[in-house]
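In the text below, chain A, chain B and the rest are named by the order of the sequence lines, each starting its count at 1. Keep in mind that this is a model prediction, so the values were computed, not measured.
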Amino acid sequence: MNYDFKTIEAKWQKKWAEQSLYKVKEDPGKPKYYCLEMFPYPSGKLHMGHVRNYSIGDVVARFKRMSGYNVLHPMGWDAFGLPAENAAIKHGVPPSKWTWENIDNMRKQLKSLGLSYDWDREVATCHPGYYKWTQWFFLKLYDMGLAYRKKAFVNWCPSCATVLANEQVVDGKCERCGTEVGKKDLEQWFFKITNYADELLKDLEKLPGWPDKVKIMQENWIGRSEGVEFSFIAEKNGRRIPVFTTRPDTVYGVSYLVLAPEHPMVSELSAGTEQENAVKEFQKKMEKLNEITRTSTETEKEGLFIGAYAINPMNGDRVPIWIANYVLLDYGTGAVMGVPAHDQRDFEFAKKYDLPIKVVVSPPDKILDVKDMTQAYVERGILINSDIFNGMDNIEAIKAVGQYMEEKGIGKVKVNYKLRDWLISRQRYWGAPIPMIYCDRCGIVPVPEKDLPVMLPPNVKFNPRGTSPLLECEEFLNTTCPQCGGPARRETDTMDTFMCSSWYYYRYTDPRNTERPFDREKLDYWMPVDQYIGGVEHAILHLMYSRFFNKAMRDAGLVHVDEPFQNLLTQGMVLKDGAKMSKSLGNIVSPEEIIDKYGADTARLFILFASPPDRDLEWSDQGVEGSFRFLQRVWRLIDELSERLNDEKVEDKVDKDVRRLVHKTIKKVTDDVAERFNFNTAISAIMEMVNGLYAYKEQKISGAVIKEAVENLLLLLAPFAPHMTEELWEKLGKKESIHLMPWPKYDIEAMAEEEIEIVVQVNGKVKGKVSLSAEATEEDMKKAALENDKIKPHIKGKNVVKMITVPKKLVNIVIK
RNA sequence: GCGGGCAUGGCGGAACUGGCAGACGCGCCAGACUUAGGAUCUGGUGGAUUUUCCGUGGAGGUUCAAAUCCUCUUGCCCGCACCA
């Protein structure tokens, strides 16, 4: 009988669906396990990255299910987004049609992999039954004061014709399409993620199950720094110019002030001075430069005196005010105090423009002479030229100066973050409409809950310029004010799709609820997600937005968990010829073809065997062949052995050996899968077991032992190759699905070795081996080692200094 | 520049708390069965000057013992990048 994977896989996929084998509901009698993989964007085609992601998740889900957990394992679609709109512009297909057809196609492909999802819980973020609640959450955030409108210089992608959040700008380019991002002064909707900056940072400690790499990336992104904010006074008009510094200990060494070129006070201060025109020109020049070239470390520091002065509030010093390319308007206060003696960047700037350098922190052992300085002194030291703080250690002075400023009302101790508020408006059609109404009389009015969802109008015209068709859709645009009943206008912007994916893991717990986003009891049962699996590209974007969203919803009293994802696994990329698979390189391997040629079980097995999940994986066609061969080998082995299930017991020794192999393998596979997610070594242990059984099968084995071996082999392999094992399980005469069976337990007694091999070293080098009974004492080991024929010549005539033994493993004889 | 990761046969990778380096798979070599084999089974496969010696990017160190721990260093990958 051949391994006919096509028939087998189709047969079981159909049966599992008919029996709703993977359907789950809350069960207080069982421990729950929420296994979640990042849902895909429905591009229309599955790629190998998806196959890897979902194969990993499926093994975890199946293993946990067999281990007695009530497993929630759902799948859905991150279905809003620009490609659908581009298809509409290019081919005239409505975005919804395009998206739903893609979903149908990808669902079919996912099902062909035999993944154990509860398909009854499928969600799609573009479904009105879903985005109704996305809008509901927006209103919730609005009520909480966490959603607000503000005019700001925002990132604008000309190609996507929309604004972008900071997180979606990579190297000054649009994260989606790679087009260079510009700046636009627009009024937009923001979420106050900065309110949670501190908690988002601090709670990373509550996530021991996350990779350090991801936590560090988030930490850097949040960018917390402690310092002092205080103000210089503009000499011209007496107005305050606030600055932020992490080095208040150097405040007596300020020799100039630098503002961002866009700083609102620049024009006013330079007006009427001889520098006025030069300043205007400098500002224009800066405007033209894009942000990357302007702020790159490689770009030379460039600045200009603006013709005005400011007074240092600590010592009354009069310092010149400059503008420079390296000062950013949106970090801190957009103004920096210049302390060239103790900041490398300020030092270079002062050298270039011949600004005074004043030493205020002295090294403990010598006196710094400005003339000799080739770089800033940033080490620890003692304060000098600093009035009442002279003689103080500078680390202490950081605190002391801050305190002093607070006491005198000069400034205040402050924590600054790099994190900006999350800009969520998008000038696009294919997204969840922001449920807001603009009324000339009442201003900004939220859409009442009963009117949700604000539906996307289906019949709209797309224009090649890429502007949102909602702007020209009268039936959508015109509405009445919920407050005064007068004519009003709808918000035409839709939400960033990351908003839709910030809460989908809640919806899976109660996907068809029409009254609420979810039932509280169901959510409380399932949340948090126990294991989240996906690509590292979401380390900051999706994973930080979701953490923020969850914290906000916790504060709204809707959820009980501080963190949504307990454990995170970031899978590596799938490479071919050392590079990421891509159209341009022409190195794409299509999952469809592989499944067609070898079957889903082979595809899954290979992808899990070739590399541990968190590392990159090099695709190998020959490796796939190998996995296919292995499954055929298993098939033949079980075919043959299942004829011998009633054999008589003949020889005790072989039975014991087979049982030892079986139980050792159970332990190895269990440990590898449960504790380390090392599927590659788990599979190799199963391969060793199969190799072992091939060797033993030439001998007489009792039927009971064969049965035990065959059944356990199938159980261990079931999470990896679910179709084939199910088929063979049925052939063994089993009535119930193998995937509902309990995970096998190992028997320590059966694992016990009777004889053990001890390595004998002389001066740390292996010189021989001795076989001893498992009960041998350390004394027995030493004795056996010294008496061994291979060892004797090495120690003859030498002085044995000492002997080190590792029980049941090794003896090391140290000689001189 | 800062932060993080990785480096082991021809290749993908094993070696969990320091204790037989190279499990398992691919590839390669040989044999068996065969009209035939790109099927299957069995055996072999780090290197060399092969009673032994050398080998985990490189150089030191700790230890009875180091792929594993420490110091320095090289190469590659990823993230952040004038953050005040």
Is any NZ, NE, NH1 or NH2 atom of the basic residue among A:R224 and A:D198 found under 4.0 Å from an Asp or Glu carboxylate oxygen of the other? yes

When the P atoms of B:C24 and B:C69 are considered, how many whole Å apart are they? 26 Å

Proximity to the side chain of A:S611 - top-ranked nucleotide from B:A39, B:G13, B:A84: B:G13

Basic-acidic side-chain contact under 4.0 Å: A:E302, A:K285: yes

Find the distance A:E175:CD to B:C80:P and express it as a whole number of Å. 11 Å

Can you classify the ring geometry of A:F230 versus A:F232 as parallel (below 30°), tilted (30 to 60°) or perpendicular (above 60°)? tilted

Separation of A:L617 atom CG from B:C26 atom C1', in whole Å? 13 Å

For the side chain of A:R636, counting heavy atoms from C-beta on, which of B:A84, B:C24, B:U40 is nearest? B:U40

With a 3.5 Å cut-off and heavy atoms only, can you find an N or O donor on one side and an acceptor on the other between the side chain of A:K809 and the base of B:C20? no

Regarding A:T602 and A:Y3, is there a side-chain donor-to-acceptor distance under 3.5 Å anywhere? no

Between B:C16 atom P and A:D672 atom CG, what is the distance in whole Å? 11 Å

Please test A:D317 against A:K358 for salt bridge (Lys or Arg N to Asp or Glu O under 4.0 Å), starting from the C-alpha separation and ending with a verdict. CA-CA 12 Å; A:D317 273 6; A:K358 182 180 168 192; 3.7 Å; yes

Looking at the side chain of A:I804, which of B:C16, B:C64, B:U42 is the nearest nucleotide? B:C64

Atom CD1 of A:I222 to atom P of B:G79: distance rounded to whole Å? 19 Å

Is A:N691 near enough to B:A23 that one of its side-chain N or O atoms lies under 4.0 angstrom from OP1 or OP2? no

Integer angstrom distance from the C1' of B:G1 to that of B:U8: 32 Å

A:N678 CG to B:G12 C1', straight-line distance once rounded to whole Å: 15 Å

Verify the contact: side-chain N or O of A:N680 to OP1 or OP2 of B:A14, cut-off strictly under 4.0 Å; return yes or no. yes

Donor-acceptor list for residues 691-699 of chain A side chains, cut-off 3.5 Å, not counting sequence neighbours:
{"unit_1": "A:N691", "atom_1": "OD1", "unit_2": "A:R633", "atom_2": "NH2", "d": "2.7"}
{"unit_1": "A:Y694", "atom_1": "OH", "unit_2": "A:R633", "atom_2": "O", "d": "2.9"}
{"unit_1": "A:K697", "atom_1": "NZ", "unit_2": "A:E640", "atom_2": "OE2", "d": "3.2"}

With C1' as the reference atom in both, quote the distance from B:G22 to B:A14 in angstrom, rounded to an integer. 7 Å

Donor-acceptor check, side chain of A:N799 to backbone of A:V801, threshold 3.5 angstrom: yes or no? no

Between B:U45 and B:A23, how far is it from one C1' atom to the other, in whole Å? 15 Å

Closest to the side chain of A:R345, out of B:C41, B:A15, B:C82, is B:C82

To the side chain of A:K767, which of B:A84, B:C24, B:C53 is closest? B:C53

Over all strands shown, is A:T245 touching base, sugar-phosphate only, or nothing at heavy-atom distances under 4.0 angstrom? sugar-phosphate

Can you see if the side chain of A:S225 gets near the phosphate of B:A84 - specifically, an N or O under 4.0 Å from OP1 or OP2? yes

Which distance, rounded to the nearest 0.5 Å, do you find between the CD1 of A:I758 and the CD of A:E778? 10.0 Å

For the side chain of A:V327, counting heavy atoms from C-beta on, which of B:A81, B:C54, B:A84 is nearest? B:A84

Would you mind reading off the distance between A:F244 atom CZ and B:C83 atom C1', rounded to a whole angstrom? 9 Å

Anti/syn call for B:G18, syn if |chi| within 90°: anti

Let's see if you can work this out: which of B:U40, B:C83, B:G12 has an atom nearest to the side-chain heavy atoms of A:F609? B:G12

Taking atom types as they are modelled, would you say the side chain of A:Q622 forms a donor-acceptor pair with the base of B:G25 within the 3.5 Å cutoff? no

Answer yes or no: does a side-chain N or O of A:R676 lie under 4.0 Å from OP1 or OP2 of B:A15? yes

Kindly say whether the aromatic ring centers of A:F349 and A:Y326 come within a distance under 6.0 Å. yes

Between B:U51 and B:U42 - C1' atom distance, rounded Å: 30 Å

Give each protein N/O atom lying under 3.5 Å from an N/O atom of nucleotides 3-11 of chain B, with the pair distance.
none

To the nearest Å, give me how far apart CG (A:N812) and P (B:A66) are. 10 Å

With RNA chain B as reference, determine whether A:N416 or A:S627 sits nearer its 5' end, using the nearest nucleotide of each. A:S627

Measure distances between side-chain N and O atoms of A:K301 and base N and O atoms of B:C82, and say whether any donor-acceptor pair falls under 3.5 Å. yes

Report yes or no: do A:N312 and A:Y252 form a side-chain donor-acceptor pair below 3.5 Å? no

From the options B:C20, B:C82, B:A23, select the nucleotide whose nearest atom is closest to the side chain of A:Q761. B:C20

For residues A:I222 and A:M544, determine if any side-chain heavy atom of one lies less than 4.5 Å from a side-chain heavy atom of the other. yes

NZ of A:K580 versus P of B:C78: gap in Å, rounded? 11 Å

Residues A:W422 and A:E167: side-chain donor-acceptor under 3.5 angstrom: no

The nucleotide from B:G19, B:A81, B:C20 with an atom nearest the side chain of A:K769 is B:C20

What is the minimum heavy-atom distance between A:K301 and A:Y353, and which atoms define it? O-OH, 4.0 Å

Closest to the A:V766 side chain, choosing from B:G19, B:A14, B:A21: B:A21

Between B:C28 and B:U35, how far apart are the P atoms? Round to whole Å, please. 25 Å

Work out how far the P atom of B:C6 is from that of B:U68, and round it to whole angstrom. 13 Å

Give the dot-bracket string for RNA chain B, reading 5' to 3', where a pair is Watson-Crick or G-U wobble with both distances under 3.5 Å, ( ) marks pairs inside the strand, [ ] marks pairs crossing earlier ones, | marks a partner on another strand, and . marks unpaired. (((((((..(((......[....)))((((((.......))))))(((...)))..(((((..]....))))))))))))....

Whole-angstrom distance between B:U63 and B:A67, as gauged at atom C1': 16 Å

RNA chain B: 5'-proximal contact among A:E688 and A:D671 (nearest heavy atom): A:D671

